[in-house]
Every structure is written in structure tokens, then in C-alpha cells.
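Read through the structure below, which is laid out as C-alpha cells, and then see the notes.
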Amino acid sequence: MKLLFEPGFFEEEERSGFIVSSEMKRVWAAELKVLEFIINICQKYGIHYFADYGTLLGAVRHKGFVPWDDDIDIALKRADYMKLMSALKKEVKPPYKVNSCYFSDERRQPFCSIANYSHVPMPEEVIDEFFGCPYVVGVDVYALDYVPRDEESAKLQMAMYTAVYDLAMRLDEMRETGELEYYLVQVEEMCNVKLKRDNTLRGQLWRLCDMIAAMFGEEESDILTFFPRNVQGDSDFGYLKEWYDETVFMKFEGINIAVPKNYHEVLTKLYGDYTIPKQNTSSHNYPFFAVQREYLKKLKKL
């Protein structure tokens with residue numbers, strides 16, 4: 001895949017009644033370059049990915065970014081996700097940065113993100129490489145796992161995942177309150193594991209979460225899910241596994257990206273009537289790079 005932009009792409013533009021700034025266009029371009037890097041790896045290693053969340057919605061409804069969206073999301077079934085983690089270890093070179101519990105024990109999220117750099121300010125040559133974007137941008141990468149059709153097994157899996165996820169998220173808090181050892185012992189007994197009490201603990205817990213999520217295979221399941229979403233309050237969330245049996249390709253800002261063939265069912269599950277645009281429905285503050293922008297402004301004043 002080769003990334004090319006139409007003349008005028010980087011100019012401010014109104015899309016669906018929303019003003020997309022030139023600054024945001026450069027952020028989009030930088031993110032697309034990261035996505036291009038990932039797609040090339042997937043093609044090299046025979047890895048199947050799918051556009052996810054707002055990126056899937058944008059591909060279907062806008063043939064590109066949702067105008068008020070500012071990030072890129074992809075998802076992979078667990079086996080392909082793990083293949084990608086292995087491939088990234090071989091393929092990633094500066095300036096790219098992989099944020100994952102398989103690369104660092106300090107990762108504070110259970111999913112992976114792949115970025116154009118590690119921090120701001122970035123070297124000028126990196127800024128130039130990423131179309132004049134001065135911010136750290138990336139692509140979020142999620143794993144989809146199978147939920148067993150056996151109800152008791154599904155309840156046990158969710159209970160185990162929730163316990164370990166909660167411990168990983170609240171690790172610092174539990175250290176401060178003195179509760180950490182108690183809950184570590186509970187997790188060890190429940191999961192039949194032994195955890196090292198050292199600076200790799202958070203990474204161990206996230207990897208244990210992934211092991212729990214991957215406990216069951218396709219033949220035992222009718223449902224695919226993203227477990228972090230389940231434990232964050234959407235306990236009934238999941239997709240019929242056949243929705244992800246096949247891939248089709250759609251235009252996204254001039255490139256072709258993979259989407260599940262049953263994208264209509266996926267998007268309806270995620271958004272209801274997704275055909276009607278609703279502005280400013282992002283799950284995070286827009287734009288995500290506002291903190292980076294303010295930090296760079298302060299540095300210029302020093």
C-alpha cells in the first residue's frame with residue numbers, strides 16, 4: 001500500500017457541516033501513515049485486521065474519517081492479534097513506538113497502540129516524515145476474543161477477567177492502601193498462577209488478562225467480544241462471530257482498508273442507526289492532542 005494525498009487535502013475544509021482544520025488534516029495524515037505501516041506488516045505476515053469503531057463508521061459512511069473524529073481504531077481476532085505482536089517485534093524500528101504489555105511492563109491499558117514517536121517535542125525529521133504533524137499520534141489496536149456458549153464457563157471467564165483487569169487498573173491505589181498483597185493472592189489462587197512482586201507486575205497482569213480472554217476458541221463460541229468494554233459497564237456487548245468471517249475493502253481517505261463483510265450488523269450493534277451523523281460523539285476530549293499542543297506552546301516560551 002502506498003499513501004498518497006489528493007491536492008488540497010491539507011487545507012481546512014467543511015465536511016458534513018463540521019470544520020476540519022488544516023492542523024487536524026496533518027494529524028489525520030500522520031495517523032494514516034502509521035496505519036499504512038501496520039497494514040504493510042499485516043500483508044507481509046498474512047494477518048487479518050478490521051477497521052473498528054469510528055474508523056469503520058467513517059469508512060462506511062464518509063469514505064474516510066468521520067469529520068469530528070481524530071483517531072484510528074482497528075481490531076483483530078486474538079490469533080491474528082498475537083501474530084501481529086510477534087511481527088511488530090521484528091519489524092518496528094524508529095521512529096515508530098509500540099505501546100503494549102508485550103513490549104513494556106509499564107503499559108497502563110490492556111490494548112495495544114502503535115505511534116509515530118514516543119514523546120514531544122519530536123525531531124524535525126520525524127515531523128517532516130509525518131507531514132508536518134508535531135504531535136505523537138497513533139492507531140489503537142484491539143483484540144477480539146471468543147465467549148463460550150456454555151453459560152457457566154462464560155460467567156467464570158468474565159469473573160476472572162474482571163478481577164485481574166481491576167487489579168491492573170488499580171495497582172497504584174492498592175499499593176497505597178496496603179490491599180495489594182491480599183488481592184494478588186486471590187488472583188493467584190483463582191487463576192492458578194504465581195506472580196512476581198517486582199516492577200513487571202502490571203505487565204504480568206495485563207498478559208494474564210489476555211490469557212483469560214483467549215481461554216476459549218471459535219468452536220466453543222457463538223460470540224466475539226472486546227473484554228475491556230464488557231468490564232467497563234457494557235457487560236452484554238458482543239458480536240456474532242460470523243460477522244467477522246469475511247473481509248471486504250473500502251476507501252478511506254484514498255486508501256483501501258479492510259472491514260468486516262457484515263459491517264452493517266457491526267455498526268448497528270455499536271451505534272444503532274449509524275446512517276444519521278451525530279457530531280461530537282467521541283469517547284474522549286476532542287482534539288486528543290490538546291495537551292501536547294499546550295505543552296509545546298509552553299516550551300516555546302521558555
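Computed over heavy atoms, backbone and side chain alike; hydrogens, waters and symmetry mates excluded.
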Q. Is Arg108 salt-bridged to Asp172, cutoff N-O under 4.0 Å?
A. yes
Q. Between the side chain of Glu220 and the main-chain N/O of Gly217, is any donor-acceptor distance below 3.5 Å?
A. yes
Q | side-chain contact (heavy atoms from CB on, under 4.5 Å) between Lys241 and Ile223, intermediate numbers included | A | CA-CA 5 Å; Lys241 67 179 184 181; Ile223 299 295; over 6 Å; no
Q.
Here's one to test your reading of the geometry: is the NZ or CZ of Arg26 within 45 degrees of the ring axis of Phe10 and under 6.0 Å from its centre?
A. yes
Q. For Phe227, which of Phe216, Tyr146, Tyr161, Tyr165 qualifies under ring-ring contact (aromatic ring centres under 6.0 Å, His included)?
A. Tyr161
Q: Test side-chain contact (heavy atoms from CB on, under 4.5 Å) on Val66 and Arg61 and set out the steps.
A: CA-CA 8 Å; Val66 174; Arg61 198 174 67 195; 4.1 Å; yes
Q) Less than 4.5 Å apart, any side-chain heavy atom of Leu184 and any of Glu181? A) yes
Donor-acceptor contacts under 3.5 Å from residues 126-143 side chains, at least two apart:
| unit_1 | atom_1 | unit_2 | atom_2 | d |
| --- | --- | --- | --- | --- |
| Tyr135 | OH | Glu23 | OE2 | 2.5 |
| Tyr142 | OH | Asp73 | OD1 | 3.3 |

(Q) Please determine whether residues Leu167 and Val185 belong to a single hydrophobic cluster, defined as Ile, Leu, Val, Met, Phe, Trp and Tyr linked transitively by side-chain heavy-atom distances below 4.5 Å. (A) no
(Q) Using only atom types and a distance under 3.5 Å, with no angle test, would you say the side chain of Thr268 pairs donor to acceptor with the backbone of His264? (A) yes
Q.
So, applying salt bridge (charged side-chain N to carboxylate O under 4.0 Å, His left out) with Arg229, which one of Asp236, Asp52, Asp234, Asp145 is it?
A. Asp234
Q.
Would you say Leu302 ends up clustered with Val291 if hydrophobic residues are merged whenever their side chains have heavy atoms under 4.5 Å apart, either directly or through other cluster members?
A. no
Q: State whether the side chain of Glu91 and the backbone N or O of Ile41 hold a donor-acceptor pair below 3.5 Å, judged by distance alone.
A: no
Q: Go through Asp273 and Lys278 one step at a time and tell me if the side-chain contact (heavy atoms from CB on, under 4.5 Å) criterion holds.
A: CA-CA 10 Å; Asp273 186 357; Lys278 299 177 183 178; over 6 Å; no
Q: Could you tell me whether the side chain of Ile19 reaches within less than 4.5 Å of the side chain of Glu12, counting heavy atoms only?
A: yes
Q.
Can you confirm whether or not the ring centre of Tyr102 sits under 6.0 Å from the ring centre of Trp206?
A. no
Q) Does the Arg149 side chain pair with the main chain of Ala154, one donor and one acceptor, at a distance under 3.5 Å? A) no
(Q) For Glu14, is the CD atom crowded, meaning more than 12 foreign heavy atoms sit under 6.0 Å from it? (A) yes
Q) For Trp68, which of Gln279, Met24, Arg15 qualifies under side chain to side chain contact (heavy atoms under 4.5 Å, CB included)? A) Gln279
(Q) Assess whether a salt bridge exists between Lys155 and Glu151, defined as any Lys/Arg side-chain N lying under 4.0 Å from an Asp/Glu carboxylate O. (A) yes
Q. So, do Thr275 and Val60 sit near enough that their side-chain heavy atoms are less than 4.5 Å apart?
A. no
Q: Tell me whether the guanidinium CZ or amine NZ of Lys89 lies under 6.0 angstrom from the six-membered ring centre of Phe103 and within 45° of its axis.
A: yes
Q. Would you say Trp28's side chain and Gly64's backbone share a donor-acceptor pair under 3.5 angstrom?
A. no
Q. Going by atom types only, do Asn99 and Ser113 share a side-chain donor-acceptor pair under 3.5 Å?
A. yes
Q. So do the side chains of Ile257 and Ile255 get within less than 4.5 Å of each other, counting heavy atoms only?
A. yes
**Q.** Side chain Thr225, main chain Phe237, donor-acceptor under 3.5 Å
**A.** yes
Q.
Return the OH to OG distance between Tyr96 and Ser118, rounded to the nearest 0.5 Å.
A. 14.0 Å
Q) Should the pair Glu253-Lys63 be classified as a salt bridge under the 4.0 Å nitrogen-to-oxygen rule? A) no
Q. In terms of hydrophobic clusters joined by side-chain contacts under 4.5 Å, are Met190 and Tyr182 together?
A. yes
**Q.** Exercise: do Glu106 and Ser104 side chains pair donor with acceptor under 3.5 Å
**A.** no
(Q) On the six-membered ring of Tyr244, is Lys77 placed so that its NZ or CZ lies under 6.0 angstrom from the centre and within 45° of the ring axis? (A) no
Q) Looking at His48 versus Phe50, is the centre-to-centre ring distance below 6.0 Å? A) no
Q: Report yes if the side chains of Trp243 and Lys261 come closer than 4.5 Å at any heavy-atom pair, otherwise no.
A: no
Q. Does any N or O in the side chain of Arg197 come within less than 3.5 Å of the main-chain N or O of Leu201, such that one atom is a donor and the other an acceptor?
A. no
Q | Hydrophobic cluster membership, Met122 vs Leu299, 4.5 Å side-chain cutoff | A | yes
Q.
Taking the six-membered ring for Trp, are Phe252 and His62 closer than 6.0 Å centroid to centroid?
A. no
Q) How far apart are the C-alpha atoms of Tyr183 and Arg170, what are their side-chain angles, what is the distance that settles it, and do they pass the side-chain contact (heavy atoms from CB on, under 4.5 Å) test? A) CA-CA 11 Å; Tyr183 285 106; Arg170 298 175 57 207; 5.8 Å; no
Q: Check whether any side-chain N or O of Lys97 sits under 3.5 Å from a backbone N or O of Ala115 as a donor-acceptor pair, and report yes or no.
A: no
Q: Flag the pair Leu76 / Ile47 as yes when at least one side-chain heavy-atom distance between them is below 4.5 Å, and no otherwise.
A: yes
